[in-house]
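Down below is the structure, laid out as structure tokens.
Counting starts at 1 for both ligands and their atoms, in listed order.
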Amino acid sequence: MSHLCPVCGYDGLEAPPYDAKGNPSHEICSCCGFEFGYDDQSQGDSFSDYRKKWLAEGAKWFDPACKPENWSLKEQLKRIGIQR
Ligand SMILES: [Zn+2]
């Protein structure tokens with residue numbers, strides 16, 4: 001079972017970003033590189049701020065090995081309701 005990243009829409013997270021009590025998974029998204037429990041608190045970045053920065057830097061994959069062959073940034077962002 002995979003989970004959706006609320007920052008970039010990647011659906012390959014191994015754990016839910018936050019559990020029922022709101023505890024972060026500390027997983028790093030293979031796509032946008034957001035770390036749940038770190039980037040959201042320590043640096044004060046909201047999802048949208050981080051997303052903006054990530055997109056501005058060219059939407060690079062944190063772990064390019066995880067990138068699907070026919071990957072579409074547009075389709076992925078649609079999953080979290082973002083139209084570009
Ligand atoms: Zn992500």
Side-chain angles (χ1 to χ4, degrees):
M1 189 167 164
S2 60
H3 300 270
L4 198 66
C5 173
V7 178
C8 69
Y10 177 55
D11 64 356
L13 296 181
E14 283 170 25
Y18 304 95
D19 69 14
K21 290 178 184 160
N23 297 311
S25 65
H26 290 282
E27 182 174 350
I28 297 175
C29 176
S30 301
C31 182
C32 66
F34 191 93
E35 182 176 347
F36 303 101
Y38 178 77
D39 286 309
D40 46 0
Q41 290 168 10
S42 308
Q43 302 182 341
D45 277 348
S46 68
F47 294 157
S48 64
D49 281 353
Y50 189 97
R51 185 187 306 120
K52 261 185 226 155
K53 230 184 335 179
W54 176 67
L55 291 172
E57 285 165 9
K60 289 197 187 75
W61 276 69
F62 181 75
D63 183 356
C66 293
K67 183 177 176 179
E69 240 171 71
N70 54 354
W71 182 67
S72 158
L73 174 64
K74 202 174 168 209
E75 290 301 313
Q76 184 171 289
L77 289 171
K78 246 191 231 170
R79 288 186 201 136
I80 48 171
I82 293 165
Q83 307 278 355
R84 295 191 82 218

Qualifying residues under side chain to side chain contact (heavy atoms under 4.5 Å, CB included), relative to Lys67, sequence neighbours excluded: Trp61, Trp71
Could you count the protein N, O or S atoms found under 2.8 Å away from the Zn ion (ligand 1)? 4
Hey, is the main chain of Gly33 close enough, under 3.5 Å, to the side chain of Tyr50 for a donor-acceptor pair? yes
Compare all side-chain heavy atoms of Ile28 with those of Asp39 and state whether any distance is below 4.5 angstrom. no
Sub-6.0 Å ring centroid separation between Phe34 and Phe47: yes
For residues 5-19, please give each side-chain donor-acceptor pair under 3.5 Å, one per line with the distance, not counting sequence neighbours.
unit_1: Tyr18; atom_1: OH; unit_2: Asp40; atom_2: OD2; d: 2.3
unit_1: Asp19; atom_1: OD1; unit_2: Lys21; atom_2: N; d: 2.9
unit_1: Asp19; atom_1: OD1; unit_2: Gly22; atom_2: N; d: 2.9
unit_1: Asp19; atom_1: OD1; unit_2: Asn23; atom_2: N; d: 2.8
unit_1: Asp19; atom_1: OD2; unit_2: Asn23; atom_2: ND2; d: 3.2

By salt bridge (Lys or Arg N to Asp or Glu O under 4.0 Å) - contacts of Lys78 (at least two apart): Glu75
